[in-house]
Novice: 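The structure's right below; bear with me while I get my questions together.
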There are 2 protein chains.
Amino acid sequence: MDTAAPTGTRARTRRAILDAAVSVLAKNPAASLADIAAAAGVGRTTIHRYFPERSDLLAAIGAHLLELIDVATTRARLDDGTAAEALERVCQEYFELGEALQFAFENPQTQSVDWETETDADRALARLVERGHAEGTIDPDLPPAWVAEALWALLYTAWQHTRHNDVPKHASLTLCLRTLRKVIAPGG
Amino acid sequence: MDTAAPTGTRARTRRAILDAAVSVLAKNPAASLADIAAAAGVGRTTIHRYFPERSDLLAAIGAHLLELIDVATTRARLDDGTAAEALERVCQEYFELGEALQFAFENPQTQSVDWETETDADRALARLVERGHAEGTIDPDLPPAWVAEALWALLYTAWQHTRHNDVPKHASLTLCLRTLRKVIAPGG
DNA sequence: CAATTTTGGAACATCAGTGTTCCATCATGG
DNA sequence: CCATGATGGAACACTGATGTTCCAAAATTG
């Protein structure tokens with residue numbers, strides 16, 4: 001893991017490529033490396049210099065995404081307030097991932113990441129839901145895995161809603177939060 | 001439109017190819033025609049005989065899917081009972097689409113169908129939600145488009161849940177319906 | 001059974017994306 | 001300002017998918 005920051009020119013172009021790749025592949029999972037290079041304002045050769053094979057790029061994106069999710073999860077401060085409140089914060093933080101979110105949904109099958117493998121964020125989320133069950137702020141009939149999956153699905157829905165109906169982002173987020181609140185509410 | 005039934009050998013192999021294509025592409029959107037041919041138990045040449053180009057096959061799948069959705073929508077009898085009840089029936093009917101559902105979600109970008117273009121089913125669903133608003137059985141704060149998108153997202157979630165956590169289908173459907181009911185419930 | 005249709009497979013040309021190499025050019029920082 | 005490193009572009013070989021053609025075998029139909 002050379003997560004260590006080369007903190008120079010290299011680091012910046014690497015990021016540019018990574019960001020462009022997420023952005024382009026989010027819209028078209030079948031995009032070619034040439035497309036990504038163009039979007040990054042970089043020569044195709046340069047991409048191969050940083051990521052020898054396409055799969056290397058995909059893997060790097062995967063790692064990058066997991067990191068973004070981790071950061072967002074931390075920022076949501078899962079331990080503050082009721083579990084229901086924390087879950088809403090998670091929703092807001094994840095919503096900010098934007099294109100990264102789109103990418104994750106449009107490229108599920110790619111071996112870029114083992115979405116199957118439980119990450120720290122997954123486990124933290126599961127624990128949060130269990131806390132909600134105990135507290136009585138989250139419907140105990142909904143298993144943690146279901147809540148997590150529904151959360152992602154709602155986030156995706158929110159972005160779709162913004163895209164297709166040119167609704168302002170904040171409006172979609174509001175709908176998303178409102179819907180989430182109703183989903184997890186106990187009783188019913 | 002030769003939707004007219006050739007009702008012979010042709011029709012059957014055509015269906016076999018279409019079904020296999022949906023099944024294979026649902027799992028791997030990048031699958032080759034050779035893969036599809038193998039899954040259909042048919043020579044690759046035969047596929048080209050029915051669908052000259054890949055795009056023709058994709059288009060046919062799109063039309064097929066829209067038809068399936070239409071049939072399912074009709075079966076849900078949108079005009080019977082309260083709008084909320086009808087919407088739950090829609091959910092159940094759509095759930096039965098199974099692999100077709102997966103396909104639609106895994107291949108959103110393909111030009112196989114204009115998912116953008118409103119179909120009859122879309123419009124019927126929108127009207128149903130509006131009826132629910134008027135009746136007071138569906139939360140008036142949720143726009144029809146949002147309800148429709150959330151419905152699809154929940155259905156996708158249900159199938160994912162079954163896939164990843166090897167939960168029996170009926171259990172996922174139950175969760176899905178329960179969640180939907182809470183989402184559309186007025187007030188909150 | 002005979003005629004017709006449908007099929008599978010082989011062979012082929014084509015094409016787009018990938019990965020590699022090489023070199024001239026540009027930027028950076030020491 | 002010069003040396004080192006980073007970049008872009010051209011050229012190339014390679015691969016896998018696509019689409020076409022042709023023919024012999026199998027199935028359907030009357």
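Each chain gets a letter, A, B and so on, in the order its sequence line appears, and its residues count up from 1.
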Novice: Would you indicate, yes or no, if D:dT7 has its OP1 or OP2 atom less than 4.0 angstrom from a side-chain nitrogen or oxygen of A:Thr46?
Specialist: no
Novice: With a non-hydrogen cut-off below 4.0 angstrom, is B:Tyr50 in contact with a base, only sugar-phosphate, or nothing?
Specialist: sugar-phosphate
Novice: Can you measure A:Phe51 atom CZ to C:dG17 atom P for me and round it to whole angstrom units?
Specialist: 20 Å
Novice: Go through C:dG19, C:dC22, D:dT18 for me and flag the one nearest to the B:Ser32 side chain.
Specialist: D:dT18
Novice: By the 4.0 Å heavy-atom rule, please label A:Arg49 as base, sugar-phosphate, or nothing.
Specialist: base
Novice: Nearest-Å distance, CZ (A:Arg10) to P (D:dT7)?
Specialist: 6 Å
Novice: The side chain of A:Arg44 is closest to which nucleotide in this list: D:dT18, D:dG8, C:dG19?
Specialist: C:dG19
Novice: Using the six-membered ring of A:Phe51, assess whether NZ or CZ of A:Arg14 lies under 6.0 Å from its centre and within 45 degrees of the ring axis.
Specialist: no
Novice: With distance as the sole criterion, is a donor-acceptor pair present between the side chains of B:Asp35 and B:Ser32 under 3.5 Å?
Specialist: yes
Novice: May I have the distance from A:Ile47 (atom CD1) to C:dT20 (atom P), rounded to whole angstrom?
Specialist: 14 Å
Novice: Taking the side chain of A:Thr13 as heavy atoms from C-beta outward, which of C:dC22, D:dG19, D:dT7 is closest to it?
Specialist: D:dT7
Novice: Salt bridge check, A:Lys182 against B:Asp139: does any charged N sit closer than 4.0 Å to a carboxylate O?
Specialist: yes
Novice: In whole angstrom, what separates A:Arg54's CZ from C:dT20's C1'?
Specialist: 18 Å
Novice: Scan side-chain atoms only and decide if A:Thr82 and A:Thr137 contain a donor-acceptor pair under the 3.5 Å cut-off.
Specialist: no
Novice: Using atom CD of A:Glu53 as one end and atom C1' of D:dT15 as the other, report the distance to the nearest whole Å.
Specialist: 13 Å
Novice: Thinking salt bridges, do A:Glu93 and A:Arg89 make one under a 4.0 Å N-O criterion?
Specialist: no
Novice: I need the CG-P distance between A:Asp35 and C:dA16, as an integer number of Å.
Specialist: 13 Å
Novice: Please check if any side-chain donor atom of A:Glu99 sits under 3.5 Å from a side-chain acceptor atom of A:Ser23, or the reverse.
Specialist: yes
Novice: C:dT7, C:dT18, C:dA10: which one has an atom nearest the side-chain heavy atoms of B:Thr9?
Specialist: C:dT7
Novice: Figure out the CG/P separation between B:Leu57 and D:dT18, and round it to whole Å.
Specialist: 10 Å
Novice: Let me spell it out: for each of B:Leu33 and B:Arg12, pick the nucleotide of DNA chain D with the closest heavy atom. Which residue's pick is nearer the 5' end?
Specialist: B:Leu33
Novice: When you get a sec, tell me which of C:dT20, D:dG19, D:dT7 is the closest nucleotide to the side chain of B:His48?
Specialist: D:dG19
Novice: Can you check whether any acceptor in the base of D:dG9 is under 3.5 Å from a donor in the side chain of A:Thr45, or vice versa?
Specialist: yes
Novice: Please report how far the helix from C:dC1-D:dG30 to C:dG30-D:dC1 bends, comparing the axis fitted to its first five pairs with the axis fitted to its last five, to the nearest 10 degrees.
Specialist: 40°
Novice: Do A:Tyr156 and A:Glu106 meet the criterion of a side-chain donor-acceptor pair at a distance under 3.5 Å?
Specialist: yes
